[in-house]
Amino acid sequence: MLTKIKIRSPLKRHRIEAIMELRGRTDSRSIQAMVSALSDHSTEVQVLACEALGQIGALSAISELASLLHKPDDPRNPKGSVEYSAREAAAAALASMPDGKGLSMLHGTMSSPSRGGVRDARLAAVRALCKVPDSRSAAALVDALGEEEDAEVSQAALNGLVAFGQLSVPNCIKAMTEAKWWRRSNAARVLLALGWEPSDDHQRALYWVLLDRIPEALTLGPSAVDPLALTLENPNLAAGAAAGLLRLGDDRGFAGLQDRVKYLDEQRRKDKQTTALRTKIVALLEGIERSDATDLFIRVCRTLNEDGELDGPALVERLRLRGICSIRQLIGLLRCTDQSYYHKPLGIDREICAALRLLGPDGTAALVNELSTGKLSDSTKALTEACAALLEVEREAVKKYVMKCLKASDYLKRWAAVELSAKFRDDDVEPAILHAFYESKDHITQILCVQTLLNLGCGDGVTALIEVCKDPERSKSALGALEHEIG
């Protein structure tokens, strides 16, 4: 009777004394009293009650012990939350029930999402199962290996499976082919710790890929294709797996790289690990000679350029080394007038034109095509550099384009053409410059025409100079030009 009074006492000391007195008793009233203590607001009382119930193997208390283990935290009532030590004691009590009758409650915990109090329940259940080496416990611990959000739970499960020894092997072999990449990788780690050896090439390839021994897996040829494809969802191994697939001629490798780049862009992270991964992807893409790979290459390089990891000339040189598959992208970069597009570095038009020339007839033809179609008209600097690059090999094409631009309505285009026309001393060029002089409304272009005509030794240059000097606002600049030309 005194014990019954103590178990309901407002004093924690009395309630603890009651549990100690009830310990070892197996009658229904004593068990019921200990079960009621599981809902005590004192963690110490809850822990003692769990230990007492586990000690006597009270099967009638399984449901209440499971409720204590799985009770979710209540953010609105922190005082009503269950401490980890109480969950751990409840899990230990369930594990100690006779004939393994409490284990099903622990196994079921593995399928619960790991958040809040449920996360503590999973950790407590894993640690309890680690003390019960049987096939069902091994299967439940393998489920816990897939806990990507909580490395502590996964590590506890991994340690338990290693301790189980050969009992863990069948479940871990099966887990290597399952959907969750985290579980697959951890299962391979368990097998590695146990000294397990694969039985065939497919199993060997899968095992090596999961252990990030991709170069070894590639030596197995086609057997490595499916394991590599399965590993594309693993963020830690995706880049290497994609590279392996590409080497084996499987296009899923390129799709994997695209997905990885998209994921990195969405994350918007700029830490050293992410930068290193982007750099690795750039290196992988350099070996893929196809246009869409070059697009992806520029996309990654653009991000690296934002981070200050890659300068403009280095980007152009890398594109050149990719060969003719990068011509379209080099032209796109040359055409670009917005410096934010591709995060185009300033002053690299000359390097782009030189790179296109070095790519041989195809690169030269692409530059000539840009001139003939007039697509570079919005980029004065690109226009000048393209013409300068082509002057020696495609003089007539450049001249034709310059003559056309001298008649253009766009003053920037006309200005660039006047500068370029100084490189030609042909009879038909001088009239075109003079025409540009009279058609121009801006005095800068007119003065530039005067300078060019004088530089070519054309008598019309003096005439144009006199014409300009009639305007008081322009005469000072014009005389300066004349002084510069005469020396």
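The closest donor-acceptor contact from the side chain of Arg184 to the backbone of Glu178 lies under 3.5 Å. Panel note: side chain Gln46, backbone Asp40; a donor-acceptor pair is recorded below 3.5 Å. Distance alone, capped at 3.5 Å, is enough to place a donor-acceptor pair between the Arg87 side chain and the Lys71 backbone. The main-chain N or O of Val132 is found under 3.5 Å from a side-chain atom of Ser137 such that the two form a donor-acceptor pair. Under a 3.5 Å cut-off, the side chain of Ser185 and the backbone N or O of Trp181 do form a donor-acceptor pair. A donor-acceptor distance shorter than 3.5 angstrom exists from the side chain of Ser67 to the backbone of Ser63, with no hydrogens or angles considered.
With Leu158 as the partner, the side-chain contact (heavy atoms from CB on, under 4.5 Å) test is satisfied by one option alone out of Val142, Val190, Val126: Val190.
Few gaps surround CZ on Arg213; more than 12 heavy atoms of other groups in view lie less than 6.0 Å from it.
Residues Asn234 and Thr231 have side chains that never bring a donor and an acceptor to within less than 3.5 angstrom of each other.
Interatomic distance, Leu230 CG to Leu206 CG, rounded to the nearest 0.5 Å: 7.0 Å. Here CZ of Arg127 is found 14.0 Å from CG of Leu106. Values are rounded to the nearest 0.5 Å. Here CZ of Arg183 is found 11.0 Å from SG of Cys172. Values are rounded to the nearest 0.5 Å. The distance from the CZ atom of Phe164 to the CG atom of Leu141 is 5.0 Å, given to the nearest 0.5 Å. In this structure, CG in Leu246 is found 7.5 Å from CG in Asp251, a value given to the nearest 0.5 Å. Note: His107 NE2 to Leu129 CG = 5.0 Å, rounded to the nearest 0.5 Å.
Counting all heavy atoms, side chain and backbone alike, Ser154 lies closest to Leu145 at OG-O, 3.5 Å. Residues Leu53 and Met97 come closest through the heavy atom pair O-CE, 4.0 Å. Smallest separation of non-hydrogen atoms from Ala37 and Ala49: CB-CB, 3.8 Å. Shortest non-hydrogen contact noted between Ser60 and Glu64 is O-OE1, 3.4 Å. In terms of heavy-atom proximity, Leu228 sits nearest to Ala241 at O-CB, 3.6 Å.
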Before you tell me yes or no, could you show the steps for Leu211 and Glu216 under side chain to side chain contact (heavy atoms under 4.5 Å, CB included), namely the whole-Å CA-CA distance, both residues' side-chain angles and the distance that decides it to 0.1 Å? CA-CA 10 Å; Leu211 293 176; Glu216 293 173 71; over 6 Å; no

Test side chain to side chain contact (heavy atoms under 4.5 Å, CB included) on His41 and Arg15; report intermediate values, then the result. CA-CA 11 Å; His41 59 269; Arg15 299 197 302 277; 3.5 Å; yes

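With sequence neighbours excluded, the residues satisfying side chain to side chain contact (heavy atoms under 4.5 Å, CB included) with Arg29 are Asp27.
A salt bridge is absent between Glu152 and Arg122; no separation between the charged side-chain nitrogens and carboxylate oxygens falls under 4.0 Å. The residues Arg204 and Asp201 are annotated as salt-bridged, a charged nitrogen and a carboxylate oxygen being separated by less than 4.0 angstrom.
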